[in-house]
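Encoded as structure tokens, the structure appears first; notes follow it.
No experiment lies behind these values; they were computed from the predicted model shown. Note on naming: letters A, B, ... go to the chains in the order of the sequence lines (proteins, then strands), and numbering restarts at 1 for each one. Reckoned from all heavy atoms, side chains included, excluding hydrogens, waters and symmetry mates.
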Amino acid sequence: MSDALREELERIAGVLGAPNVSFVLERPRGEGHGDLATNLAMVLAGPLRSKPRTLAERVLEELKVGHGLVARAEIAGPGFINFWLSSDQLIKTVEEILEAGSDFGRSTLGNGRRVNVEFVSANPTGPLHVGHGRGAALGDGIASLLEWTGHDVTREFYINDAGVQVGRVVESLWARMRQALGEDFPIPDGGYHGEYLIEAAERALAELPAASIAPPLEAAAPALREFILRVQREEQDALLLDFGVRFDVYGSESAMHEADRIARLLEQFRDRGLTFEADGALWLRTTDFGDDKDRVLRKSDGTYTYLLPDIVYHADKHDRGFDRAIDVWGADHHGYIARMRAALAALGYPPEFFEVAMVQLVKVMKDGEEVRMSKRAGDFVTLRDLCDWVGADAARYFFLMRRGDTPFIFDVDLARARTEENPVFYVQMAHARMSGIFRVADIDPERVTGPFEIAALTAPEDTDLIKTLALFPGFVERAAEGREPHRVTGYLEDLARQVHGWYHRCRVLGEPPATEHARLVLARATRTVLANGLTLLGLTAPDRM
RNA sequence: GCGCCCGUAGCUCAGCUGGAUAGAGCAACAGCCUUCUAAGCUGUGGGUCGGUGGUUCGAGUCCACCCGGGCGCACCA
């Protein structure tokens, strides 16, 4: 409902001689400042060389107060203009929600721009841990926000199936197999100690043809490599599916090692004079593009660094027609951003093509104490554990409710609580309560529609609720722009709080017919917004709990 | 040492891109069940926004320098 007013204010700014000024139209914090407030007059003061309060008066002369949009307006403080919306606007808002239904909150802001969101991208060497869960929730949330704001989104997972780590996991698996056969065989230095390889070793021995896995390791390695990559990928995908995340595309690191892809990229750099040889290695002049130091592309032993195929991969995203590539990375990779950015700048891509959403470390609190984790010993909380403890909905919500770039302590006890303290529960409960009204009345909410009388909404809570519902699309937009799903969870918690209060104080069923009908309409609209928010974040919106 | 992120109520965190008297949840205290889910609602107390300067009509928000914490600084991935 603020859209119409915003357009009107933009028009007036033009009339006064300052089109394209950027001003804020927002719901003011304090009571008594109206439903919406703008700083337009203060922003105009500079370019128009006039006093804010004088300009505010001129704005109000242009805006026909009392007709349509605004019931009342006043100038306050240093030059704010506060607006009280007309009841027509409130009715319109509710009708808009009913009409848009599960699309309410969507916008076309992105103009169909093609965005690639790459996340999780875990090594296929072991189970996903809680950190991957956070990346999965955040990546999927960002992707979803971009979809809601009119972008053409591809969710992508990059499989690191080419590096040394794969060799290590094969060696470790081999060690576990020898151990299973009764030999005293150590896990190599830098190998994987996790227990999952004990199981995998048994499966390998049982399932693979004996000839293909007979010693020596060098002979068995190809079969084991294929086996462990497949098993790990299958497990990761099954878990991610349970977690509610689907990918459109799986990129493969080994595919990026193809000789002519690499050659083509190196040629581009060479043509621009950006590579040089030193100490037997091939370097890229990333310092020309803001990096701290130049980076090695091809090591002196002839193999590639991780960076080179990764540049190929990002160039591939560009060639596939994406306007933007957003990578969700763990904090431990953040030193890597500058060199990737530099490499892509070296290829001549616009700076906004590549973007990194950072995900900081996750600690897990359970039974009141921190769960110790050591990745080297293979001893960490897996995403599977977490989902078993608290369920996928709670896990996702918790990861989404905090900004990604700050360390996060996952409180397992809180996440599994079925009480008001648990925000997931609290929000879902609000939805269930709205559904409950229709269940008790034995009415299909989809069939509650049509005009209602604003005067029949007798409590201030009624209209306050409508005003909050109207804010949803704005929150989705800002969350999408900032890649900040936590704005949506924050909104949902505020809304849920208000919904519980409304539910408590404003009876629906059994009120006079006009009021009952108006509140049923409002309950339906509320249920829609709650459901849309939850769905957007990849959560269920239960009808009863 | 250098770079990036962070520092807001006792605790966990928001703060709409520079706006009005800095908010919410826990925790503490005090109330509220003839109810469409008490699995809930309402009220109260609680702050030098890490510090010091600066930019301007106006700073939690922007700049500089300190203090304190996290992460990163490979011919690893």
Does [X] reach a base, just sugar-phosphate, or nothing at all? Heavy atoms under 4.0 Å.
X: A/N39; result: base
X: A/A441; result: nothing
X: A/A37; result: base
X: A/D279; result: base
X: A/A281; result: base
X: A/N422; result: nothing

*Pick one for B/U42: is it syn, with its angle within 90° of 0, or anti?*
anti

Watson-Crick or G-U wobble partner of [N], both distances under 3.5 Å:
N: B/C26; value: B/G10
N: B/G3; value: B/C71
N: B/G40; value: B/C32
N: B/U21; value: none
N: B/C65; value: B/G51

In whole Å, what separates the [atom1] atom of [N] from that of [M]?
N: B/A77; M: B/G70; atom1: P; answer: 28 Å
N: B/G45; M: B/A27; atom1: C1'; answer: 13 Å
N: B/C57; M: B/C49; atom1: P; answer: 23 Å
N: B/C73; M: B/G68; atom1: P; answer: 23 Å
N: B/C41; M: B/G3; atom1: P; answer: 48 Å
N: B/U42; M: B/C26; atom1: P; answer: 11 Å
N: B/G53; M: B/A14; atom1: P; answer: 28 Å
N: B/G69; M: B/C6; atom1: C1'; answer: 8 Å

*Could you give me the CA-CA distance, side-chain angles and deciding distance for A/D291 and A/R341, then say whether salt bridge (Lys or Arg N to Asp or Glu O under 4.0 Å) is met?*
CA-CA 8 Å; A/D291 197 6; A/R341 193 176 296 278; over 6 Å; no

*Give a yes-or-no answer on whether the side chains of A/Q428 and A/D393 include a donor-acceptor pair shorter than 3.5 Å.*
yes

*For A/R402, side chain to side chain contact (heavy atoms under 4.5 Å, CB included) partners two or more places apart*: A/R134, A/F408

*Compare side-chain N and O positions of A/Y158 against OP1 and OP2 of B/A77 and report whether any pair is under 4.0 Å apart.*
no

Atom pairs and distances, donor-acceptor, side-chain atoms in residues 474-486 of chain A, under 3.5 Å, two or more places apart:
from: A/R483; atom 1: NE; to: A/E355; atom 2: OE2; distance (Å): 2.4
from: A/R483; atom 1: NH1; to: A/A480; atom 2: O; distance (Å): 2.9
from: A/R483; atom 1: NH1; to: A/E481; atom 2: O; distance (Å): 3.4
from: A/R483; atom 1: NH2; to: A/E355; atom 2: OE1; distance (Å): 3.1
from: A/E484; atom 1: OE1; to: A/R487; atom 2: NE; distance (Å): 2.7
from: A/E484; atom 1: OE1; to: A/R487; atom 2: NH2; distance (Å): 3.1

Could I get a table of every N or O pair under 3.5 Å where one atom is in the protein and the other is in nucleotides 34-37 of chain B?
from: B/C36; atom 1: O2'; to: A/G436; atom 2: O; distance (Å): 3.2
from: B/C36; atom 1: O2'; to: A/I437; atom 2: N; distance (Å): 3.3
from: B/C36; atom 1: O2; to: A/L509; atom 2: N; distance (Å): 3.3
from: B/C36; atom 1: N3; to: A/V508; atom 2: N; distance (Å): 3.1
from: B/C36; atom 1: N4; to: A/Y503; atom 2: O; distance (Å): 2.8
from: B/C36; atom 1: N4; to: A/C506; atom 2: O; distance (Å): 2.7
from: B/U37; atom 1: O5'; to: A/Y503; atom 2: OH; distance (Å): 3.2
from: B/U37; atom 1: O2'; to: A/R433; atom 2: NE; distance (Å): 3.1
from: B/U37; atom 1: O2'; to: A/R433; atom 2: NH2; distance (Å): 2.6
from: B/U37; atom 1: O4; to: A/M545; atom 2: N; distance (Å): 2.5
from: B/U37; atom 1: O4; to: A/M545; atom 2: O; distance (Å): 3.2

*Scan nucleotides 3-16 of chain B nucleotide by nucleotide, 5' to 3', and note B when protein non-hydrogen atoms come under 4.0 Å of the base, S if they reach only the sugar-phosphate, - if neither.*
BBS------SSSSB

*Polar pair under 3.5 Å, donor/acceptor by atom type, side chain A/T305, base B/C75*: no

Under 3.5 Å, side-chain donor or acceptor atoms of residues 517-525 of chain A against the rest of the protein: list the pairs with distances, not counting sequence neighbours.
from: A/H517; atom 1: NE2; to: A/T449; atom 2: O; distance (Å): 3.1
from: A/R519; atom 1: NE; to: A/D462; atom 2: OD1; distance (Å): 3.1
from: A/R519; atom 1: NE; to: A/D462; atom 2: OD2; distance (Å): 3.4
from: A/R519; atom 1: NH1; to: A/R507; atom 2: O; distance (Å): 2.8
from: A/R519; atom 1: NH2; to: A/T458; atom 2: OG1; distance (Å): 3.4
from: A/R519; atom 1: NH2; to: A/D462; atom 2: OD2; distance (Å): 2.9
from: A/R524; atom 1: NE; to: A/P445; atom 2: O; distance (Å): 3.4
from: A/R524; atom 1: NH1; to: A/E446; atom 2: O; distance (Å): 3.3
from: A/R524; atom 1: NH1; to: A/V448; atom 2: O; distance (Å): 2.8

*Quick one: A/W329 CH2 to B/C71 C1', roughly how many Å, whole number?*
15 Å

*Between atom CG in A/L308 and atom P in B/A74, what is the gap in whole Å?*
19 Å

Any salt bridge between [X] and [Y], counting N to O under 4.0 Å?
X: A/D494; Y: A/R497; result: yes
X: A/R225; Y: A/E171; result: no
X: A/D543; Y: A/R527; result: yes

_Quick check on the 6.0 Å ring-centre criterion: do A/F80 and A/H33 meet it?_
no

_First encountered from the 5' end of RNA chain B, between A/M42 and A/G501_ = A/M42

*What residue pairs, at least two apart or across chains, pass side-chain hydrogen bond (donor to acceptor under 3.5 Å, both in side chains) with a residue in residues 406-418 of chain A?*
none

